[in-house]
Amino acid sequence: MLFAITLAGVIALPFVFPHFYLTLITFSALSFITILARYKWKRLHSAFILPHFFCFLGFAAGSFIYHGALTGIVISIIGYLLCAWSSSKVSNTQEQNIGKETDLIPDSRPRELSEELFQVTRKDINSPIYFQKTYSDYQQVKFWRLPSFFSTDFIRQHDNFEKFTQRWNESIIRQLGNILPGTTWLPAIKGDKNTPFHNTLYATRNLQRQPGLQYNDLYFVLPSQTITIIRLTEYTCRGAYWYTLSLENKALCYELKEALNNGETDLHELYHFMILLATAWALQIELSFINMN
C-alpha cells in the first residue's frame with residue numbers, strides 16, 4: 001500500500017507542484033538513491049527501480065507541459081538513459097573491480113601462527129635466480145646443450161671417457177634419427193669455433209618450431225608435434241634401481257634404456273637432460289615409478 005501511494009505521488013508531482021525545478025530536484029534525488037543502491041545497497045536496489053521509472057515519466061511529462069516539446073524530448077532522452085543505466089545490475093566483473101585490496105578488513109585474513117615453519121616471499125620473475133637463458137641462438141636456430149648424465153663412478157671405470165661419450169652421443173642421434181617418424185637429415189649448422197661446440201649434443205628448435213638434434217656433422221629435424229611427451233620411469237626390484245627415458249606420442253613410445261642403471265647414472269643430470277630436451281622440443285614431462293618386487 002505504501003509503495004502504491006509513493007508511485008501515485010511521484011506520477012502526480014508535475015501537476016501538484018507547478019514549479020518545475022521542485023520536480024527536477026525530486027527526480028535527481030531519486031536517481032542518486034537508485035544509483036547508490038545499485039552499488040552499495042544491492043538488496044534494496046530493485047525496490048527503487050519502479051519509483052525511479054515512474055518519477056521519470058512524471059518528470060518527462062512536466063518538461064513537456066512547462067517547457068515545450070523540444071525541451072521535453074531532450075530531457076526525456078537523457079532521463080531515459082539515466083533510468084536504464086541506474087536500473088541495470090552490476091556485473092560480476094564490475095563487482096570484482098569495486099573491491100580493492102586496500103578495502104579488505106584486516107580480521108578477514110587468517111592470523112599468522114606464532115612460529116612459521118617456512119616463509120613465502122615475492123620475487124621478480126626476471127631476476128637472474130629465476131630467469132636464466134638456457135639456450136643459444138645461431139642462424140635462426142635455438143640450441144640447448146644437453147649434459148652427460150653418467151655418474152662419477154661410471155666415468156672412472158673408463159680409461160677414455162671422452163671417446164665413450166662421443167660414441168654414445170653419435171649413437172643416440174643416429175638411433176633416434178633412424179627410428180623417429182618424419183625425420184629429415186640436414187647439413188649440420190656450423191659457425192665459429194665456439195658456436196656450436198664440437199663433440200656436444202644439442203637439442204634444437206628452428207623458426208618453424210621443428211624440434212631437432214645435432215651432434216658434430218649429424219643434424220636432423222622432426223615435424224612439430226611428432227613427439228609430445230618425455231617420460232622418465234624408475235624401476236625397482238630387490239634394492240636395485242634402473243631407469244628408462246622414453247619419447248612418446250599418442251601411438252608409440254621410443255625408449256632409451258642403455259647405460260641408465262643406478263650405478264651408472266647421475267640422477268640430477270638425468271633430470272637436467274630431460275628438462276632441457278622437453279624445453280627445446282616443447283614436450284610434456286611425466287614421471288613413472290614401477291615396483292617389480
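Owing to the predicted nature of the structure, the values given are computational and were not obtained by experimental measurement.
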Taking everything shown except [X] itself, do over 12 heavy atoms lie less than 6.0 Å from its [atom1]?
{"X": "Asp159", "atom1": "CG", "result": "no"}
{"X": "Gln208", "atom1": "CD", "result": "yes"}
{"X": "Gln175", "atom1": "CD", "result": "no"}
{"X": "Gln139", "atom1": "CD", "result": "yes"}

If you group Ile, Leu, Val, Met, Phe, Trp and Tyr by side-chain heavy-atom gaps below 4.5 Å, do Ile229 and Leu287 land in one group?
no

Tell me whether Phe289 is reachable from Leu270 by hopping between hydrophobic residues (I, L, V, M, F, W, Y) whose side-chain heavy atoms are closer than 4.5 Å.
yes

Is it true that a side-chain atom of [X] and a backbone atom of [Y] form a donor plus acceptor pair closer than 3.5 Å?
{"X": "Ser171", "Y": "Arg167", "value": "no"}
{"X": "Thr228", "Y": "Gln225", "value": "no"}
{"X": "Asn249", "Y": "Thr226", "value": "yes"}

For the student: nearest non-hydrogen atoms of [X] and [Y], plus distance:
{"X": "Trp281", "Y": "Ala203", "result": "NE1-CB, 4.1 Å"}
{"X": "Gly177", "Y": "Trp185", "result": "CA-CZ2, 3.5 Å"}
{"X": "Leu283", "Y": "Ile227", "result": "CD2-O, 3.0 Å"}
{"X": "Arg209", "Y": "Ser224", "result": "O-CB, 3.6 Å"}
{"X": "Tyr202", "Y": "Thr200", "result": "CD1-O, 3.4 Å"}
{"X": "Ala280", "Y": "Arg205", "result": "O-NH1, 2.8 Å"}

Side-chain heavy-atom pair [X], [Y] within 4.5 angstrom cut-off:
{"X": "Ser151", "Y": "Thr265", "value": "no"}
{"X": "Asn293", "Y": "Arg238", "value": "yes"}
{"X": "Asn178", "Y": "Thr183", "value": "no"}

Contacts under 3.5 angstrom, residues 214-221 side chains, donor-acceptor by atom type, not counting sequence neighbours:
unit_1	atom_1	unit_2	atom_2	d
Gln214	OE1	Ile189	N	3.1
Gln214	NE2	Ile189	O	2.9
Asn216	OD1	His198	ND1	3.1
Asn216	OD1	Asn199	N	2.6
Asn216	ND2	Asn199	OD1	2.9
Asp217	OD1	Lys190	NZ	2.7

Checking side chain to side chain contact (heavy atoms under 4.5 Å, CB included) for the pair Met292/Trp242: CA distance, chi angles, key distance, verdict?
CA-CA 11 Å; Met292 302 189 69; Trp242 66 97; 3.6 Å; yes

Nearest 0.5 angstrom please: [X] [atom1] to [Y] [atom2], how far?
{"X": "Glu269", "Y": "Thr152", "atom1": "CD", "atom2": "OG1", "answer": "9.5 Å"}
{"X": "Phe273", "Y": "Ile275", "atom1": "CZ", "atom2": "CD1", "answer": "12.0 Å"}
{"X": "Leu201", "Y": "Trp144", "atom1": "CG", "atom2": "CH2", "answer": "14.0 Å"}
{"X": "Glu255", "Y": "Arg231", "atom1": "CD", "atom2": "CZ", "answer": "10.5 Å"}
{"X": "Ser148", "Y": "His272", "atom1": "OG", "atom2": "NE2", "answer": "12.0 Å"}
{"X": "Lys142", "Y": "Leu207", "atom1": "NZ", "atom2": "CG", "answer": "8.5 Å"}

What about the rings of Phe161 and Trp168, do their centers lie closer together than 6.0 Å?
no

Is it true that Phe164 and Phe150 have ring centroids separated by less than 6.0 Å?
yes

Please evaluate residues Leu245 and Leu277 with respect to the criterion side chain to side chain contact (heavy atoms under 4.5 Å, CB included), reporting the C-alpha separation (whole Å), side-chain torsions for both, the decisive distance (0.1 Å), and the verdict.
CA-CA 11 Å; Leu245 196 63; Leu277 186 58; 5.6 Å; no

With side chain to side chain contact (heavy atoms under 4.5 Å, CB included) as the test, would you mind laying out the steps for Ile290 and Thr236 before giving the verdict?
CA-CA 7 Å; Ile290 299 178; Thr236 180; over 6 Å; no

Residue pair Tyr243, Tyr235: steps toward the side chain to side chain contact (heavy atoms under 4.5 Å, CB included) verdict:
CA-CA 6 Å; Tyr243 308 91; Tyr235 295 84; over 6 Å; no

